[in-house]
Amino acid sequence: MYNLRMRTWKHTDRIIAPSLLAADFSRIKEETVRAIDGGADWMHLDVMDGHFVDNISFGPAVIKAVDRVTDAFLDAHLMISRPDHFLPEFIKAGADMITVHVEADHDVMETLTRIRAAGRMAGLAINPATPLSAAEPFLAHIDMLLCMTVVPGFGGQSFMHEVMPKVRAAADHREKHNLPYHIQVDGGIDAETARHATAAGANVLVAGSSTYKADDMAAAIASIRNA
Ligand code: DX5
Ligand code: ZN
């Protein structure tokens, strides 16, 4: 079978990553397959610890379960205070991209280095209120910058248009320094907001509610792809 993980994803590719957070957790296997069969490129897996954000979702055990039912690329978004402490668990679970927050309590450079040393892609996330300057020292050492378009913690929130200048600045920086990182947006993405985000320079679009809660998931994914 064609292995999606072996593909080389470039920042010029548009990548749609449905968030499992919006799925029916009693049917993780079916919900994963539904997304991939519906045209998803990556599975976005939102890990929340009830401390870094005010919500608890799931941890490495669920990522491992998803890994067993698909060979799709697994994009783990760690909204946890100590990503450094739990890193080995997420690597073992089968995450292909591990994204950590710059605002979390860790040595960011060291965490990113450890992710890459394990042969995984390293993502760095910044909250809506965090300026790009906070991520700048790390931009030459990451595979993806995640610009949160909602305050993290919950699905179903409204897209924050005010984050778009930061996405633009991240794309400009990438161009200027000839760097390869993807730019991901996460929160409130649907076909309409995807248009604004891609115009600003984002290429990886996380979408929870607008895909999983749609009547026709494949059509919803296609509409974001074609936005
Ligand atoms: C928010 C999460 C998002 C969330 C997106 O904290 O990081 O990935 O699942 O959900 P929607 O697409 O519903 O805004
Ligand atoms: Zn997320």
Side-chain angles (χ1 to χ4, degrees), residues 15-25 28 31-32 34-35 38-60 62-63 66 72-81 83 86 90 93 95-104 121-130 135 142-164 167 182-198 202-215 217 219-221 223-225 227:
I15 295 165
I16 318 296
S19 168
L20 192 74
L21 193 65
D24 175 352
F25 284 4
I28 286 176
E31 290 288 74
T32 301
R34 188 157 75 95
D41 301 296
W42 296 1
M43 283 303 296
H44 184 81
L45 302 165
D46 285 307
V47 176
M48 304 179 182
D49 66 354
H51 187 256
F52 183 75
V53 292
D54 197 22
N55 195 8
I56 298 175
S57 56
F58 52 76
V62 167
I63 296 184
V66 174
F73 186 96
L74 304 186
D75 165 33
H77 175 196
L78 306 190
M79 288 162 275
I80 65 177
S81 293
F86 289 101
F90 290 102
D96 297 289
M97 169 85 75
I98 299 177
T99 298
V100 296
H101 271 262
V102 76
E103 303 89 356
M121 290 170 77
L124 184 64
I126 52 177
N127 284 336
T130 302
I142 59 173
D143 299 295
M144 185 175 81
L145 177 72
L146 164 52
C147 293
M148 289 303 302
T149 43
V150 297
V151 175
F154 297 90
Q157 304 182 72
S158 300
F159 178 83
M160 295 169 68
H161 283 272
E162 58 269 40
V163 175
M164 291 306 98
V167 170
H182 295 271
I183 300 177
Q184 182 176 59
V185 283
D186 181 9
I189 300 293
D190 57 19
E192 166 67 18
T193 55
R195 210 162 41 78
H196 295 287
T198 52
N203 69 298
V204 187
L205 304 157
V206 175
S209 313
S210 73
T211 56
Y212 272 109
K213 310 256 192 259
D215 292 333
M217 191 177 193
I221 291 171
S223 73
I224 294 171
R225 191 179 301 288

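Just follow the structure's listing: the first ligand is 1, and inside any ligand the first atom is 1. Side-chain atoms are counted along with the backbone in the values below, which use heavy atoms only and exclude waters and symmetry mates. As the structure is a computational prediction, the values presented were derived from the model and not from experiment.
Side-chain atoms of Asn55 come within 3.5 Å of backbone atoms of Gly153 as a donor-acceptor pair (strictly under, hydrogens ignored). Arg34 places no side-chain N or O within 3.5 Å of a backbone atom of Ala23 that could act as its donor or acceptor partner. Judged by distance alone, the side chain of Asp46 and the main-chain N or O of His77 form no donor-acceptor pair under 3.5 Å. With hydrogens and angles disregarded, no donor-acceptor distance shorter than 3.5 Å links the side chain of Asp143 to the backbone of Gly123. A donor-acceptor contact shorter than 3.5 Å is absent between the side chain of Gln184 and the backbone of Val204.
As for Asp186, its N/O/S atom nearest the Zn ion (ligand 2) is the one called OD2. Looking only at N/O/S atoms, Asp46 comes nearest to the Zn ion (ligand 2) through OD1. Considering just the N/O/S atoms of His77, the one nearest the Zn ion (ligand 2) carries the name ND1.
Using a 4.5 Å heavy-atom threshold, the side chains of Leu21 and His44 count as separate.
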Output, or 'none' if empty, a list of ligand 1-protein atom pairs in which both atoms are N or O and the distance is under 3.5 Å, rounded to 0.1 Å.
residue, atom, partner, partner atom, Å
ligand 1, 6 (O), Gly153, N, 2.8
ligand 1, 7 (O), Asp46, OD1, 3.0
ligand 1, 7 (O), His77, ND1, 3.3
ligand 1, 7 (O), Asp186, OD2, 2.9
ligand 1, 8 (O), His44, NE2, 3.4
ligand 1, 8 (O), Asp46, OD1, 3.1
ligand 1, 8 (O), Asp46, OD2, 2.7
ligand 1, 8 (O), Asp186, OD1, 2.6
ligand 1, 8 (O), Asp186, OD2, 3.0
ligand 1, 9 (O), Ser19, OG, 3.0
ligand 1, 9 (O), Asp46, OD2, 3.0
ligand 1, 12 (O), Gly208, N, 2.7
ligand 1, 13 (O), Gly156, N, 2.8
ligand 1, 13 (O), Ser209, N, 3.0
ligand 1, 13 (O), Ser209, OG, 2.4
ligand 1, 14 (O), Gly188, N, 2.8

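Note on ring orientation: taking the six-membered ring where Trp is involved, the planes of His101 and Phe52 are tilted (angle from 30° to 60°).
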